[in-house]
Each structure stands twice: as C-alpha cells, then as structure tokens.
Amino acid sequence: MKCRVCRGPAIIDVPRHNANFCQEHFLAHCREQVKRVVDHFKMLSRGDKVLVAVSGGKDSLALWDILLELGYEVDGVYLGLGIGDYSDESATYVRDFAAKRGLTLREIDLREEHGFDVPGAAKATRRVPCSACGLSKRHLFNTAALEGGYDAVATGHNLDDEAAVLFGNVLHWDLEYLGRQLPVLPARPGFPKKVKPLVRLAERETAAWCVLQGIDYQVEECPMAEGNSHLAYKGALNGIEAVSPGTKANFYFSFLDRVAPMLSQEEVAAALNACTSCGAPTPGEVCAFCRLVDKATAGVRGAPAVTVEIRS
C-alpha cells in the first residue's frame with residue numbers, strides 16, 4: 001500500500017477518496033479538508049476569535065488541534081454533565097490537552113452552576129438524557145461565546161454525524177430541522193455564529209489524527225446514549241458505506257447543494273423575547289433552558305416545577 005502523494009509506504013486508506021496516505025500526507029489531507037470547508041462556507045475569517053466546544057472525545061480535540069495548526073485563535077469550553085466516571089474522565093482528557101499546549105479552557109459544571117446534572121434532568125423531565133444534554137449544551141455554549149466576545153462557536157460534528165442526522169431527519173421528513181442542518185448558522189441577535197469545520201472528515205480520520213498527533217481522548221461512548229436512534233442511523237449508513245464508499249459524503253453534500261437552498265431558513269425574529277430569567281432569546285416568557293433548570297431542581301428546592309417541553 002503506497003501513499004497517493006509521495007508513493008512511500010502508506011499507513012491509512014481513505015476508501016471514499018480511493019486513496020492511501022503516509023503519515024505526513026494524511027495529516028496534510030485532514031488540514032486541507034478542514035480548510036476547504038472553512039473557505040467554501042465562509043465559516044471563519046483571519047482574526048476571528050473562535051470557541052471550540054470540547055467534550056474530551058476525538059472529534060472535538062482533533063478540531064481544536066487542526067484549527068490551531070491552520071492559524072486560528074481558538075479557546076475551548078468544556079461542559080461537565082455529571083455523568084459519573086465518564087464525565088470525570090472526559091474532563092481529564094480536555095484539561096491535559098489544554099495544559100500541554102498552554103491553551104485557554106473554560107469549564108462549566110452543570111451541577112455546581114445550575115444545580116442539576118444530565119441524569120437528574122432526565123429523571124425529572126421523564127425524557128431521554130440526550131434531550132437535556134443537547135439543550136444544556138446549546139444554551140451554555142451560546143452564553144459562553146457571547147459573554148467571552150467570540151466570533152463563532154465551533155463544534156466537532158464530523159461527516160458520519162451529519163450524514164446520520166440527515167438520514168434521521170429525512171426518514172421523518174422533519175423540514176424544520178432539515179432547514180437548519182447546515183455547516184454554518186449565521187450569528188443573529190442573542191446567538192453567536194455556529195460552525196462545523198469537520199464535515200469533510202469521517203470519525204475514522206479524526207481518530208487517526210489524534211493517534212498520529214499523540215492526543216489522548218475519551219474512547220468510550222457516553223453510557224447514557226445507549227439506545228439513541230442516532231447510533232442506529234450511523235450503523236445503517238456504515239453498512240452502506242462499506243459496500244459503496246463515498247455514499248455518506250454524496251448523500252450529505254448533495255443535500256447541501258441541491259435541497260438545502262430550497263428549504264426556508266427564516267425564523268421569526270420579531271417573535272423572540274428576552275427570557276425573564278436569563279435574558280436569552282425565546283419565543284415565550286421563559287427560555288427552555290431555564291424551564292429545564294426549574295424542573296430539574298424543583299425537588300432540591302422543594303418548590304413546584306413548571307411544565308417543560310424539550311424536543312430531542
């Protein structure tokens with residue numbers, strides 16, 4: 001197996017590109033894929049201050065590392081979800097990565113700062129844990145970016161993630177979510193720009209990046225994600241990809257090119273109010289996150305809880 005670029009010994013194959021790479025040219029390939037996405041979708045400009053949402057997993061740490069190598073000013077934010085040993089170990093990987101490189105990392109602990117954790121919220125709301133987790137991440141990452149004066153929040157969603165989410169949304173024909181499933185969501189009042197620079201890289205490639213760069217990461221899947229339909233969609237697409245390499249990329253990027261432009265992405269900004277509790281934009285009086293906090297901490301405070309509705 002020879003490297004497509006230099007014809008030296010290859011260490012990895014990338015079937016969807018029908019290519020093999022040596023270490024040097026595989027790392028160059030990853031940087032080029034990220035640069036290509038950033039440039040094509042005008043995600044970031046030189047001088048932008050970027051906040052990467054890091055979890056301790058391979059994708060977010062690889063993203064932080066690649067953006068730094070591409071010359072962007074990048075800090076990290078980690079959200080402690082209170083999921084037992086899993087969260088403790090994840091935090092260790094993030095702290096070690098930042099400390100070894102002298103990087104700025106902000107940590108937010110759900111239990112310490114808001115009085116609940118994801119397992120407790122799932123029990124209180126009687127919803128799957130991913131609902132409370134996703135809502136908390138979106139709200140707190142947005143808040144951290146706005147308070148810190150960042151130009152964009154970058155997340156480690158890779159090609160496998162985006163193809164699986166798209167697959168699920170198409171199966172349910174969820175036009176609202178399909179209309180928002182883009183690599184870039186522009187900034188608007190109360191919301192920072194959100195970008196996904198890894199959408200041209202698969203999970204296997206981000207894992208290889210970390211191994212070759214000597215980056216330790218959380219290997220285990222979140223124990224609370226068991227039974228999540230997202231994992232089933234990934235598995236189904238993996239089976240198709242094994243038979244027909246390039247299917248995921250074609251599925252996702254064809255959607256972006258041919259279908260996404262036809263979907264309305266307009267939101268009724270005039271209908272958004274400032275949350276009476278935290279000030280975040282919300283269509284109601286109190287935002288979904290503050291209602292979640294109220295519900296999840298009601299037992300601790302001994303106060304009646306308001307009804308909370310969270311879309312998974």
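Because only heavy atoms are used, hydrogens play no part in the values below, and waters and symmetry mates are left out as well, while side chains stay in.
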Would you check if [X] and [Y] make a side-chain contact, meaning some heavy-atom pair closer than 4.5 Å?
X      : Y      : answer
Asp151 : Lys193 : no
Asp161 : Leu198 : no
Thr247 : Leu237 : no
Thr206 : Ile66  : no
Cys287 : His139 : yes
Tyr252 : Pro183 : yes

Output yes when [X] and [Y] qualify as a salt bridge under the 4.0 Å nitrogen-oxygen rule, no when they do not.
X      : Y      : answer
Arg95  : Glu107 : yes
Arg106 : Glu147 : yes
Lys248 : Asp160 : yes

Can you name the ring pair (Phe, Tyr, Trp, His ring centres under 6.0 Å) partners of [X], sequence neighbours left out?
X      : result
Tyr72  : none
Phe251 : none
Tyr217 : none

Donor-acceptor contact present, side-chain Ser60 to main-chain Ser55, <3.5 Å: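 Yes.
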
Side chain Asp13, main chain Pro15, donor-acceptor under 3.5 Å: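 A pair under 3.5 Å: no.
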
Minimum heavy-atom separation for Gly156 to Asp59, with atom names?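 What the structure gives for the nearest pair is O-CB, 3.2 Å.
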
List the steps and the verdict of side chain to side chain contact (heavy atoms under 4.5 Å, CB included) for Leu256 and Val199. CA-CA 11 Å; Leu256 293 182; Val199 294; 5.8 Å; no

Would you indicate whether [X], at its atom [atom1], is surrounded by more than 12 heavy atoms from other residues, nucleotides or ligands within a distance under 6.0 Å?
X      : atom1 : answer
Arg36  : CZ    : no
Lys49  : NZ    : yes
Arg258 : CZ    : no

Please list every donor-acceptor pair under 3.5 Å in which a side-chain atom of residues 19-32 meets a protein atom from a residue at least two apart or in another chain.
| unit_1 | atom_1 | unit_2 | atom_2 | d |
| --- | --- | --- | --- | --- |
| His29 | NE2 | Glu205 | OE2 | 2.9 |
| Arg31 | NH1 | Glu69 | OE1 | 2.8 |

Do you reckon [X] sits in the same ILVMFWY cluster as [Y], going by side-chain contacts under 4.5 Å, direct or chained?
X      : Y      : result
Phe167 : Val165 : no
Leu146 : Leu51  : no
Val170 : Leu159 : yes
Leu166 : Phe41  : yes
Leu61  : Val211 : no

Would Leu68 and Leu103 count as a side chain to side chain contact (heavy atoms under 4.5 Å, CB included) here? Give the steps. CA-CA 10 Å; Leu68 288 169; Leu103 303 174; 3.6 Å; yes

Write out all pairs satisfying ring pair (Phe, Tyr, Trp, His ring centres under 6.0 Å) with one or both partners inside residues 96-122, taking only residues at least two apart or from two chains.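 Qualifying pairs: Trp64-Phe97, His114-Phe289.
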
Report, one line per pair, each donor and acceptor closer than 3.5 Å where one atom sits in a side chain of residues 1-11; sequence neighbours left out.
| unit_1 | atom_1 | unit_2 | atom_2 | d |
| --- | --- | --- | --- | --- |
| Arg4 | NH1 | His17 | O | 3.4 |

